[in-house]
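Here is how names work: the chains are called A, B, and so on, in the same order as the sequence lines, proteins then strands, and each is numbered from 1. Given the structure is predicted, the values throughout are model-derived calculations rather than measurements.
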Amino acid sequence: MISSRLLAMIRKEFIHIRRDRRLFPIIVVAPIIQLFLFGYAVSLDIKGVPLVVMDERSDIYSREVLLSLTSSDYFLIQESANGLKDMEETIKSGRAKAGLVIRKNKALSIFIDGVDNNTAALIEGYFEKALLKYSSSKPEVLPITRILYNPEMKTVNFMVPGVTGLVILVITMVLGSGILVREREIGTMEHLLVTPISASEIITGKLLPFLLIGYLEMFLVVGAGILIFHIPFRGNLGFLFLATFPFLLTSLSMGLFASTISKTQQQAVITAFMMLFPNILLSGFMFPIESMPLVIQRLTVIIPVKYYMIIVRSIFQKGAGIQTLWNEILALFGFGCTFFLLSIFAFRKKLL
Amino acid sequence: MHSFLTILWKEFIHIRRDRRTVVIAFIFPLFMTILFGYAISFDLKQIPTGVVDFDKSPQVREMLLSLSASEYFNFTIYPSVKEMSDGFQKGDLKCGFVIPPEFSRNLSRKGFSKIQVLIDGSDANLARKISQIIQRFFLKSSLNIKFLYNPELHSRNFVVPGLIVILMTILGVILTTRSIVGERERGNFELLSTTPVRGEIIILGKLIPYGIIALINVFIITGFSLLIFHIPFKGSFLSLFFYSLLFLFPTLALGTMISAFATTELTAITVSFVSTMLPSIILSGFIFPVRNMPQWLQWISKIIPATHFLHIVRGIFLKGIGVFPRESLWLFVLGVIYLLIATQGVKKRVE
């Protein structure tokens, strides 16, 4: 099935990769940086909210109120203010994110810096929980909440599996974009074309080594996730390996596509780069698709990475198998084949 | 002076001729503004929620009805907990209620009743948001809470001004490295260095056009935010302009630094993506609060110019602050440091 021409082509590509010293940092260092960045930083959680207090009573009542706030580690009393103006100044400068006023008549008023709407809403929730007994209305229905799959609500458990997708996407697209143009730029494409090798063999031979690099990245990130970040892996590694194939096919073909529509390496890299942004932002990697307007939610069906994010996260966190994920896998195969055929078509047309 | 203008002119011709630069400089920012203005947030509506009802009383129906009227929940009834679990497994559900058989009895006898709430915790940020919404509905707190500067907690007011910072960083770094490294890769630097124009003048002439493009984008995005997104603007345009100019200094210095060390455009783009753009988006506090990051990441956050400029831009837009002595000092010092490293790199290269 694999012809000797194709094998020779693959060997030639491996020699290129080995000789290209700038590839090493891209392949190894970039994924590690991304792992640490996304593993530790992408969380909306906030603890130790700096609080400014204006206390008109200074008695047991106010001490009780403050104690019920600081007994959780959600609040940290930063300073006390002498008047409303003073308090607002503290919040304005950013030294405190919230302010509490304890009035003479025991009334409590709370001010929260609303600039960051996400943390402001969380801070509101912390206040409500901590000061429940000071609220006049009593709840009728008490929700007893249980968090599934990720009971400690660690963001890292969600982000690191996602980084697998991100790293594969960035590496294969950026490298894939250079596949054809480099050869064209140095003029060796002409040499290749006079050999009996066919257009699809050239493209396949160029893609296969990068497929291996993609798998290397997958194992690098998954390994680091399990060993360094201690992410629970509930699924089947073999299944993840197989399910990654259609995604690799897609992202490499997307890079290839960027390559066929560009004249120089510079153009190809920047085109690939431009394709990366919507893919990352709309994939649900960092920003939940559930929070997007309905129109854009529907639009995300054309974002291939979205499907891989679902696949890799479900396998990691929920131990999902083929019976829940076949839809996503099929979708990726569809994208992969489309981009691959498009590239071969565009490449052939260029040859004529 | 004349030679400087010539270099400047030459760069503008480059920009006009390269369609991709025009796309990055003007189409890309618009695309990002619209995307972030409309699509990117953590707000939630219509949470897909499963219900398993063991009570089947009118009280349950009443409760569900009042909850779904809020538009926060989108209920699906499941016959058993087992089937609801499958819904979670498939990702069809993010939240689930299990209503015990004694629900209505307890409600009429004791005045309150418990229900079990299940939340898909796989995305911790989303889970936190959902549990906060549920808490707000059931605990019905009567605390007097007021939000300052962004009273309705619009996501846009937070994100869109911040986008000015992110786009200035991306444009400033990527366009300059592209231009400088590209020139070197094509071998044109040799040609330029044989002319009587001094090295610094060449670099400066290559930087300034991109600085101008970044500033134009500040105006475009500010216009967009005010006219289309109706973001409040409490400060002065003059201080926004002045601080944008100041921010250009560390940004362009960073671009020069990366181009001094990167040999090809491929490396330059990968390096600026990983070392500048990602950190500016992730570590600067653009979306994710810095306060909760591990200490070592908080330190890295300090040496990213975007962190300080974000304070400035949000201060101007939402809080109406006029002067930022501490942030200005940071921006200036970072600029000097990056510039020094860049000159070292260039010297080494020349030798």
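With chain B as partner, the option from A:Gly99, A:Ala107, A:Gly114 having the largest number of non-hydrogen pairs under 4.5 angstrom is A:Gly114. Interface summary for chain A: among B:Asn106, B:Val290, B:Leu44, the most heavy-atom pairs under 4.5 angstrom belong to B:Leu44. Of the listed residues (A:Asp113, A:Asn157, A:Val29), the one with the most heavy-atom contacts under 4.5 Å to chain B is A:Asp113. Looking only at heavy-atom pairs under 4.5 Å with chain A, the residue among B:Arg128, B:Lys45, B:His154 that has the most is B:Arg128. Of the listed residues (B:Asp123, B:Asp86, B:Ile287, B:Thr21), the greatest number of heavy-atom pairs within a distance under 4.5 Å of chain A belongs to B:Asp123. Note on B:Ile321, B:Ile40, B:Val159: by heavy-atom pairs under 4.5 Å with chain A, the leading option is B:Ile40. Highest contact tally toward chain A, considering only B:Asn125, B:Asn150, B:Val271, is held by B:Asn125 [criterion: heavy-atom pairs under 4.5 Å]. If you tally non-hydrogen atom pairs under 4.5 Å between each of B:Ile24, B:Asn157, B:Ile134 and chain A, the highest count goes to B:Ile24.
For B:Ile174, the part sitting under 4.5 Å from any heavy atom of chain A is the side chain, from C-beta outward, and nothing else. With a 4.5 Å cut-off on non-hydrogen atoms, B:Phe28 touches chain A through its side chain but not through its backbone. Only the side chain of B:Gln132 comes within contact range of chain A, judged by heavy atoms closer than 4.5 Å. For a residue to count as touching a neighbouring chain, one of its non-hydrogen atoms must lie under 4.5 Å from one of that chain's; by this rule B:His311 does not touch chain A. Heavy atoms of B:Ile115 lying under 4.5 Å from chain A belong to its backbone as well as its side chain. Looking at A:Met286, the atoms closer than 4.5 Å to chain B (heavy atoms on both sides) sit in the backbone and in the side chain alike. Contacts between A:Gln267 and chain B at a heavy-atom distance below 4.5 Å involve backbone atoms as well as side-chain atoms. Contact of B:Ile170 with chain A is made through the side chain alone, with heavy-atom distances under 4.5 Å. Contact annotation for A:Lys129: both backbone and side-chain heavy atoms come within less than 4.5 Å of a heavy atom of chain B. Contact annotation for A:Leu282: only side-chain heavy atoms (C-beta onward) come within less than 4.5 Å of a heavy atom of chain B. Using a 4.5 Å cut-off between heavy atoms, A:Thr300 makes no contact with chain B at all. Residue contact with chain A, scored on non-hydrogen atoms closer than 4.5 Å, involves the side chain of B:Arg314 exclusively. Neither the backbone nor the side chain of B:Lys110 comes within contact range of chain A; no heavy atom of the residue lies under 4.5 Å from a heavy atom of that chain. For chain B, no part of A:Gln297 is nearby; none of its heavy atoms comes within less than 4.5 Å. At a 4.5 Å heavy-atom cutoff, the contact between A:Leu44 and chain B is made by backbone and side-chain atoms alike. Interface residue A:Thr119: only side-chain heavy atoms are found under 4.5 Å from chain B. Looking at B:Phe137, there are no atoms closer than 4.5 Å to chain A (heavy atoms on both sides), in backbone or side chain. For A:Val170, the part lying under 4.5 angstrom from a heavy atom of chain B is the side chain only. Proximity to chain A (any heavy atom under 4.5 Å) is restricted, for B:Ser85, to the backbone atoms N, CA, C and O. Looking at B:Leu118, the atoms closer than 4.5 Å to chain A (heavy atoms on both sides) sit in the backbone and in the side chain alike. Neither the backbone nor the side chain of B:Phe317 comes within contact range of chain A; no heavy atoms are under 4.5 Å apart. Heavy-atom distances place no part of A:Arg313 under 4.5 Å from chain B, backbone and side chain included. Contacts of A:Ile280 with chain B are made by side-chain atoms alone, with heavy-atom separations under 4.5 Å and no backbone atom involved. Residue A:Glu290 touches chain B through both its backbone and its side chain, counting heavy-atom pairs closer than 4.5 Å. At a 4.5 Å heavy-atom cutoff, the contact between B:Pro279 and chain A is made by backbone and side-chain atoms alike. Of the atoms belonging to A:Lys92, heavy atoms from both backbone and side chain fall under 4.5 Å from chain B. Contact of B:Phe36 with chain A is made through the side chain alone, with heavy-atom distances under 4.5 Å. For a residue to count as touching a neighbouring chain, one of its non-hydrogen atoms must lie under 4.5 Å from one of that chain's; by this rule A:Ile33 touches chain B with the side chain only.
The closest side-chain donor-acceptor pair between B:Ser284 and B:Thr307, if any, does not fall under 3.5 angstrom. Between the side chains of B:Asp55 and B:Ser104, a donor-acceptor pair is found at a separation under 3.5 Å.
Once rounded to the nearest 0.5 Å, the distance linking SG of B:Cys95 with CD1 of B:Ile47 reads 6.0 Å. Residue B:Gln135 holds its CD atom at 11.0 Å from CD1 of B:Ile133, rounded to the nearest 0.5 Å. B:Ser113 OG to B:Gln59 CD: the interatomic distance, rounded to the nearest 0.5 Å, is 9.5 Å. Between the CG atom in B:Asp120 and the CD atom in B:Gln89 there is a gap of 9.5 Å [rounded to 0.5 Å]. Interatomic distance, B:Phe288 CZ to B:Met293 CE, rounded to the nearest 0.5 Å: 8.0 Å.
By the 6.0 Å and 45° rule, A:Arg234 does not stack over the aromatic ring of A:Phe316. A:Lys318 forms a cation-pi arrangement with A:Tyr149, by the criterion of a distance under 6.0 Å to the ring centre and an angle within 45° of the ring axis. Annotation: cation-pi geometry satisfied between B:Lys319 and B:Tyr149 (NZ/CZ under 6.0 angstrom from ring centroid, within 45° of ring axis).
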### Query
What's the verdict on ring-ring contact (aromatic ring centres under 6.0 Å, His included) for B:Phe31 and A:Phe277, showing C-alpha distance, side-chain angles and the deciding distance?
CA-CA 10 Å; B:Phe31 165 76; A:Phe277 264 88; 8.5 Å; no
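Of all non-hydrogen atoms in B:Val60 and B:Phe103, the two that sit nearest each other are CG2-CD2, 3.6 Å. Between A:Ser259 and A:Ala268, the closest heavy-atom pair is CA-CB, 4.3 Å. Listed here is the closest heavy atom pair of B:Val181 and B:Ala262: CG2-O, 4.2 Å. Scanning all heavy atoms of the two residues, the minimum distance from A:Met275 to A:Asn279 falls at O-ND2, 3.0 Å.
Checking side-chain atoms of B:Gln116 against main-chain N and O of A:Ile144 turns up no donor-acceptor pair under 3.5 Å.
A salt bridge links A:Lys47 to A:Asp45: one of the charged nitrogens lies within less than 4.0 Å of a carboxylate oxygen.
Under the 4.5 Å side-chain criterion, counting only non-hydrogen atoms from C-beta, A:Ser314 is not in contact with B:Lys90. Within the 4.5 Å cutoff, the side chain of A:Leu76 has heavy atoms near those of the A:Gln78 side chain.
Atom NZ of B:Lys234 has more than 12 heavy atoms from other residues, nucleotides or ligands within 6.0 Å.
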